[in-house]
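Working notes, structure below.
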Amino acid sequence: MKRCTKAVIYKDNLEYNIKQILNVLKPGTKLCIAVKADSYGHNAILTSQIAQKLGVEYLAIATVDEGIELRKAGIKANLLLLSLCIPDEFTELFEYDITPLVFGKEYIKLFSDVADSYYKNDKKLNVQLAVDTGMGRIGCYPEEAGEEAVLINSSNHLKLSGMCTHFAVSDSLAEKNQDFTKEQYKAFVNAVNYVKDKGIDPGVCSCAASAAILNNPDMHFDMVRSGIITYGYYPDEITKEYLTKIHKDFDIKPVLAFQTQVVAIRPFPKGKSVSYGRTYICKKDTDIAVLPVGYADGLLRRFSPGLEVTINGKNYPVCGRICMDQCMVDIGKNNPDVKLWDKVLIFGPKESGALNDAEALAKLGNTISYEVLTSLTKRVERVIE
């Protein structure tokens, strides 16, 4: 049996978005698509398959297990592990041909020692040197890049195949933040040059994610890493309206529709309360529709009050607190447009019939579309349309 609360993936929209991204890249610039967190909730295997079909050479993951899942599904693209792993996971990187980020003399030496014990021939594991230019997360400092590259390439079984950094505020249009992004870019260029000065090929270098792909084409370097734009949403202040204003035509479509069905319609008299805490009291006689979806599915509790869902082309307000597995909607008294078992759209692309997208929910919950999408839990079946 199939549950009615599900996420529908519009694969044509996904393919459309990837083509749009490829079209804005300079000739020769490689594309790496972030498929971590199950492709931001969009089915990593599907995304990877479509990406490979379109010639995308790199995919970015966050855990070793994510990489193993893709390899077992037949994905042959280069897998770039963006988060650090622990020594217990090291040998799986060799087994499944996953490229880790490395930095720091102790970490690099540990990788080298494990590689020496794993490989019995002249084979080498590709690694990328992570550089911290201002994100304040992982990576060596730019001035350390040359020495760390030497340490990598002096290993018998490690090879420097690339360098990368990550921008902290490239999705902001504030002048100080744009200036900071430029400073980060210059620091990364310096780091790459420090490596070259040591006579070492830095490999495929990347620094631009979704925002810089669109707003800083001069920072594309050898490769860019697309995240949220792959799935149909713009990065914070780098909106479609802003891009149109600066005469850049870039159109993307949301890929995922989050939907359920009406499973009960109950008459409520004026003065009756709805859900936990009695935060919603009916102001007049009305009918309440019950939906089998809640925060255990990823419909976050903080979306109410304020959330509206779409039923047959019209939005209706969620009333009372969203529960773990259910929520309630005020549909008005004797509404002929809402019937038992009708489909309910929480968010999605226009072709799904939804009047909301994930960005609308993000604003309501004082968060970002990334969190809305990745919050959908594994009990929400992904259905490919």
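All figures in this text were calculated on a predicted structure; none of them were measured in a lab.
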Above 12 or not: heavy atoms from other molecules or residues under 6.0 Å from [atom1] of [X]?
{"X": "K350", "atom1": "NZ", "answer": "no"}
{"X": "R379", "atom1": "CZ", "answer": "yes"}
{"X": "K76", "atom1": "NZ", "answer": "no"}

Qualifying residue for side chain to side chain contact (heavy atoms under 4.5 Å, CB included) with L31, from L59, L54, T230, I21 = I21
ask   = Only one of V309, V329, V263 clears side chain to side chain contact (heavy atoms under 4.5 Å, CB included) with V344; which?
value = V309
Please report the shortest heavy-atom distance between [X] and [Y], naming the atom on each side.
{"X": "V274", "Y": "C319", "value": "CG1-O, 3.6 Å"}
{"X": "S155", "Y": "K124", "value": "O-NZ, 3.4 Å"}
{"X": "T260", "Y": "T5", "value": "OG1-OG1, 2.7 Å"}
{"X": "I98", "Y": "L81", "value": "CG2-CB, 4.0 Å"}

Is a side-chain donor-acceptor pair under 3.5 Å present for [Y] with [X]?
{"X": "N315", "Y": "T310", "value": "yes"}
{"X": "S206", "Y": "R225", "value": "yes"}
{"X": "S210", "Y": "S226", "value": "no"}
{"X": "E143", "Y": "N190", "value": "no"}
{"X": "N312", "Y": "D342", "value": "yes"}
{"X": "Y242", "Y": "N215", "value": "yes"}
{"X": "Y295", "Y": "D325", "value": "no"}

At what distance, to the nearest 0.5 angstrom, does [atom1] of [X] lie from [atom2] of [Y]?
{"X": "K53", "Y": "I18", "atom1": "NZ", "atom2": "CD1", "answer": "9.0 Å"}
{"X": "L80", "Y": "C164", "atom1": "CG", "atom2": "SG", "answer": "6.0 Å"}
{"X": "D179", "Y": "E183", "atom1": "CG", "atom2": "CD", "answer": "6.5 Å"}
{"X": "N78", "Y": "Q128", "atom1": "CG", "atom2": "CD", "answer": "9.0 Å"}
{"X": "I311", "Y": "D337", "atom1": "CD1", "atom2": "CG", "answer": "10.0 Å"}

ask   = Cationic tip of K253 within the cone over Y16's six-membered ring, i.e. under 6.0 Å and within 45° of the normal?
value = yes
message = Does the Lys NZ or Arg CZ of K272 fall within the cation-pi geometry relative to F268 - under 6.0 Å from the ring centre and within 45° of the axis?
response = yes
task = Check the pair Q184, H166 against side-chain contact (heavy atoms from CB on, under 4.5 Å), reporting the backbone distance first and the verdict last.
result = CA-CA 9 Å; Q184 281 194 261; H166 195 59; over 6 Å; no
request  = Indicate the ring-plane relationship of F111 and F90, choosing parallel, tilted or perpendicular according to the 30° and 60° boundaries.
outcome  = parallel
query = Relative to each other, are the rings of F221 and F188 parallel, tilted or perpendicular (30° and 60° limits)?
reply = perpendicular
Path from [X] to [Y] over hydrophobic side-chain contacts below 4.5 Å:
{"X": "Y107", "Y": "M135", "result": "no"}
{"X": "Y234", "Y": "V169", "result": "no"}
{"X": "I50", "Y": "I384", "result": "yes"}

task = With salt bridge (charged side-chain N to carboxylate O under 4.0 Å, His left out) as the test, would you mind laying out the steps for K198 and E147 before giving the verdict?
result = CA-CA 8 Å; K198 296 291 185 179; E147 289 184 11; 5.8 Å; no
task = Please assess Y280 against D330 for the test side chain to side chain donor-acceptor pair (under 3.5 Å), listing each intermediate value before the final yes or no.
result = CA-CA 10 Å; Y280 187 90; D330 190 337; 2.8 Å; yes
query = What's the verdict on side chain to side chain donor-acceptor pair (under 3.5 Å) for E371 and S375, showing C-alpha distance, side-chain angles and the deciding distance?
reply = CA-CA 6 Å; E371 184 182 23; S375 291; 4.8 Å; no
task = Please determine which of Q326, R3, K6, K378 meets the side-chain hydrogen bond (donor to acceptor under 3.5 Å, both in side chains) test together with D297.
result = R3
inquiry  = Working note: E66 + K36, criterion salt bridge (charged side-chain N to carboxylate O under 4.0 Å, His left out); need CA distance, chi angles, decisive distance, verdict.
reply    = CA-CA 7 Å; E66 289 177 345; K36 59 181 182 169; over 6 Å; no
inquiry  = Using salt bridge (charged side-chain N to carboxylate O under 4.0 Å, His left out), reason through K11 and E15 one step at a time and then give a plain yes or no.
reply    = CA-CA 6 Å; K11 65 179 181 179; E15 185 168 336; over 6 Å; no
ask   = What do the steps show when you test K240 against D251 for salt bridge (charged side-chain N to carboxylate O under 4.0 Å, His left out), and what is the final call?
value = CA-CA 7 Å; K240 182 175 179 63; D251 178 62; 3.5 Å; yes
